[in-house]
Amino acid sequence: MVQAVRLALHYGEENLGVTDVFGEDVGPPLGGVFTATQGLKTAWNTPLDERGIVGTAMGIAYAGGRPVCEIQFCDYGFNTIDLLKVAGNQRWAGGGGWELPLVLMTPSGSGIRGSLYHSHSFESWASRLAGWKIVMPSNPLDAYGLMLSAIADPNPVMVLLPKALLRLKGDKLIPGEPADPDKLKSMIDAPVGDRSRWKPNWPDVKEFFIPIGTASVVREGDSATVVSYGRTLPLCVQAADSIRKQSGATFDVIDLRSIFPYDWKAVSASVEKTGRILIVNEDTEVTNFGEHLLRRVIDEHFYDLVVRPRVLFGRHLPGIGLNPVYEQNSVPQLASITTALADLMSEEA
Amino acid sequence: MPKKNSMPVKDRGVETGDEILSAERCLQIHRIMVRARAMEERMIKMSKSGEGFFWIGGPGEEAFNACLGLQIKKGQGPTFDFLHLHYRNSATMIAMGMELIDGIRQMGMTWTDPFSAGRNFPSHFSRKEWNVVPVSSVIEVQFAMAPGTALVQKRHGDGVTIVVGGDAGAAEGDFTTCMLWSSRPGNELPVLMITMNNGWGISTAHCTQHSCEHTIERGKAYGIAGEVVDGNDPVASWFAIERALRYVRSTRSPFMLEAMVSRLHGHSSSSGAPRSADPDCLALFEERLLSANVIDRPGLERVHREARQEVDAAVEKAGQEKKPTPAEIEKFTYAPSAVDAVYPDDYTGLP
Ligand SMILES: Cc1ncc(C[n+]2csc(CCOP(=O)(O)OP(=O)(O)O)c2C)c(N)n1
């Protein structure tokens, strides 16, 4: 996925007017702690100052540039919340005077044994930032298509990158991506050691927008609806596939992809069909974004539901501990998702 | 604009030390100060009469602010100056050409308020054609944004970024952010950082919280030069701003200016906006204009009378203009987007 982000940013520099890709360790020699920005011609390093990063992105956007800034881990974005609020409300507050075309990308969620400060989720916080659009891919092709849309959109867009999936290899190619992964690697991954004279050899990747606000139905079925995004999405697919094998039950598995605006039509149509819904994410459970979806399901589909609708989410805890026992028992895993799905299916209507 | 012909004008103008500001310029600045003061005093009344809810503004900062507004390279886009103002900059806006009625419209929360469509507090300006980015109530955030506009400007022409805040606000990390990001070695940015030092942050005196007297002293750590100026003196202010802008424009690197000013009506209407006994830049300037024979008393009275008439007419007209309606609460949330399936034009409520 990290290569897909890089290819999207490269495409953005060449075709969508990206002027600045910046953040802590984003420029050479490292090209980002996850290497998402290696070899990009407009990438540069900033002081270790998240408020400066967000503020500068706003200034660049005001002055007609097209910035993509990175908060190294969303865990370190909390001290920028008021700037994010201002970025989201400035157009509204200014009576429509200004556009603020900026992209903020940041790795989010658990799954890299990151302990307290490399495991936070951000989407529930982000969903409260009116004026922003928030997207979260769960595979490389979506990361590419959502990043292009984030860049092309003239509003602030936050791209949450699931940390656990950044090394994931996709099963679909980006248009123009070489089919051989080793070839791609040799073209765009910086060598270990001295990189001072290295230059990437970019493949001729093509335009591919995934419109903001469009979900993807990754499995179709009639028995129940599962809505997820980010790290937990592939786990939901796995769980649905294994239950299908065992019991023949089939699921609509919806990858939301956009947290805001979310694709209500897709969720609504599916619930109407199945009458059973499980929403899965890994953010903490009190005032969780999934609760908002649940509320709408109840408000608008109460009489379509055949069993109690539910949300599976992270535990309300101060953090995720380093010993794997903590992480395994704090945020949804394959086993807990499978159990939740099986329960959803087995409850009598 | 001053009616030059009708006034007895002495050629020398007004001087501070060996700096002389021409009579013509003095009269131009004076008229802006008077108009700004008349507008603000009327706005304070509106906040008490129920025509508005809250007032905050810049009485006491007019001398410096008028001089600043007159020296801006005004226009749209990075080749012109960018302004990240705070909520006491009305005289800057008036000097740039803002009509008083626009300030009154924002005070009166009309839909025609060009800065915020009746949404934001008074003196929260925003004007894209003049590169005035939206003023936010969140103290000091403008200092985190200023390096961004300056960074783009460094790539195009000779525009500079001007960012303004109060002395108490300089305690926020964003002030340090601005110094740091504007002085990165090899990447210095054309930023003029201005502190309007009125000695107060609401009820807290500057000297009780800050061990250094002036915010510009912090610039030393970042290699940023600075100057303190008497912001109650338009002559000194004019030349200090001229020097600072020339430096930033030509060297493409940062500079800090600190204007010592008065806060003439307290912090805001929340503290009742009572008139303080601090030195009044307008009264002081008028004494000097009189003693330099730049204008006579009837001339001064005429300027004040015309300003009052202008404000009266503005209040009258703005009072009849359209107010926001419930149908408009979502408007202007999003700019139109070709890649958004839900909100291609603007926000329309939940998806
Ligand atoms: C971040 C933030 N904290 C607190 C406030 C509340 N507040 C509004 S104005 C103000 C004092 C500002 O003082 P100063 O920066 O010196 O500017 P002045 O009002 O004196 O011009 C405070 C604390 C705010 N608006 N924003």
Side-chain angles (χ1 to χ4, degrees), chain A residues 19-20 44 46-47 49 51-65 67 79-80 82-83 85-102 130-131 133 148-155 209-214 258 260-265 292 296, chain B residues 77-78 82 84 111 113-120 124-129 131-136 138 141-153 155-156 159 161 173-174 176-178 180-181 184 187 330-343 346-347 350-351:
Chain A
T19 56
D20 294 87
W44 50 278
T46 68
D49 174 13
R51 293 185 62 82
I53 291 168
V54 174
T56 297
M58 293 172 71
I60 292 173
Y62 276 136
N79 70 339
T80 72
D82 65 332
L83 280 167
K85 277 194 68 180
V86 174
N89 69 29
Q90 64 76 32
R91 180 177 168 80
W92 187 89
W98 292 86
E99 293 182 0
L100 202 65
L102 72 82
K133 301 178 183 181
L148 292 201
S149 293
I151 293 167
D153 196 288
N155 297 286
F209 291 112
I210 293 177
I212 294 172
T214 56
S258 286
F260 202 89
Y262 52 85
D263 188 344
W264 177 244
K265 276 193 202 140
H292 166 70
R296 269 196 94 176
Chain B
F82 262 88
H84 300 258
W111 180 246
D113 152 24
F115 311 126
S116 73
R119 289 171 178 172
N120 221 335
H124 284 51
F125 306 110
S126 165
R127 190 155 226 160
K128 191 170 184 185
E129 316 88 80
N131 283 347
V132 176
V133 309
V135 173
S136 167
V138 188
V141 289
Q142 68 272 30
F143 283 82
M145 299 173 210
T149 48
L151 193 133
V152 177
Q153 286 173 313
R155 299 170 184 161
H156 306 271
T161 285
D174 293 344
T176 303
T177 286
C178 194
L180 177 69
W181 287 64
R184 293 159 61 229
N187 287 296
E330 287 153 353
K331 208 166 158 49
F332 307 132
T333 301
Y334 290 128
S337 166
V339 290
D340 188 322
V342 181
Y343 305 124
D346 197 349
Y347 183 54
L350 286 186

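In what follows, every chain begins at residue 1, and chains take the letters A, B, ... in the order their sequences are listed. A quick note: this is a predicted structure, and the numbers were derived from the prediction, not measured.
Proximity of a side-chain donor or acceptor of Arg119(B) to a complementary backbone N or O of Trp92(A) within less than 3.5 Å is detected. Judged purely by atom type and a 3.5 angstrom limit, Gln153(B) uses its side chain to pair as donor or acceptor with the backbone of Thr161(B). The closest donor-acceptor contact from the side chain of Asp346(B) to the backbone of Lys331(B) lies at 3.5 Å or more, if one exists at all.
Your options are Pro351(B), Ala117(B), Gly77(B), Gly173(B), and the one with the most heavy-atom pairs under 4.5 Å with chain A is Pro351(B). Listed options Arg51(A), Lys133(A), Glu99(A) were ranked by heavy-atom pairs under 4.5 angstrom with chain B; first place goes to Lys133(A). If you tally non-hydrogen atom pairs under 4.5 Å between each of Leu151(B), Val133(B), Asn120(B), Asn131(B) and chain A, the highest count goes to Val133(B). Between chain B and the options Gly96(A), Gly213(A), Ala150(A), the largest number of non-hydrogen pairs under 4.5 Å is found for Gly96(A). Most heavy-atom pairs under 4.5 Å with chain A, from the set Phe82(B), Phe125(B), Phe332(B), Tyr343(B): that is Phe332(B). Interface remark: of the candidates Gly88(A), Ala61(A), Gly94(A), Pro211(A), Gly94(A) forms the most heavy-atom pairs closer than 4.5 Å to chain B. Among Ala152(A), Pro101(A), Gly65(A), Ala93(A), the residue with the largest count of heavy-atom pairs under 4.5 Å with chain B is Ala93(A). Note on Ala338(B), Pro336(B), Cys178(B): by heavy-atom pairs under 4.5 Å with chain A, the leading option is Pro336(B). Put simply, of Trp98(A), Phe209(A), Trp264(A), the one with the most heavy-atom pairs under 4.5 Å next to chain B is Trp98(A). Comparing Leu350(B), Leu180(B), Thr176(B) by how many heavy-atom pairs each has under 4.5 Å with chain A, the most go to Leu350(B). Highest contact tally toward chain A, considering only Val135(B), Asp113(B), Val141(B), is held by Val141(B) [criterion: heavy-atom pairs under 4.5 Å].
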### Task
Could you check Arg184(B) against Trp44(A) for side-chain contact (heavy atoms from CB on, under 4.5 Å), going step by step and ending with a plain yes or no?
CA-CA 12 Å; Arg184(B) 293 159 61 229; Trp44(A) 50 278; 3.5 Å; yes

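When heavy atoms are compared at a cutoff of 4.5 Å, Ile53(A) approaches chain B by way of both its backbone and its side chain. With a 4.5 Å cut-off on non-hydrogen atoms, Asp153(A) touches chain B through its backbone and its side chain both. Only the backbone of Arg127(B) comes within contact range of chain A, with heavy atoms under 4.5 Å apart. With a 4.5 angstrom heavy-atom cutoff, Ser136(B) touches chain A only via side-chain atoms. With a 4.5 Å cut-off on non-hydrogen atoms, Thr19(A) touches chain B through its backbone and its side chain both. In this structure, the portion of Asp20(A) lying under 4.5 Å from any heavy atom of chain B is its side chain and not its backbone. For Gln142(B), no part lies under 4.5 angstrom from a heavy atom of chain A. The contact between Asp49(A) and chain B is made by backbone and side chain atoms together, counting heavy-atom distances below 4.5 Å.
Nearest heavy atoms, Leu83(A) versus Gly55(A): CD1-N, 4.2 Å. Of all heavy-atom pairs between Thr149(B) and Tyr62(A), the closest is CG2-CB, 4.1 Å. Nearest heavy-atom pair across Ile210(A) and Ser149(A) is O-OG, 2.8 Å.
Atom NZ of Lys85(A) has 12 or fewer neighbouring heavy atoms from other residues, nucleotides or ligands inside a 6.0 Å radius.
If you take CZ on Phe143(B) and NE2 on His84(B), they are separated by 10.0 Å, rounding to the nearest 0.5 Å. Separating the CD atom in Gln90(A) from the CG atom in Asn155(A) is a distance of 9.0 Å, to the nearest 0.5 Å.
For the pair Pro261(A) and Ile212(A), the minimum side-chain heavy-atom distance is below 4.5 Å.
Defined by atom type and a distance below 3.5 Å, a donor-acceptor pair is present between the side-chain atoms of Tyr262(A) and Arg296(A).
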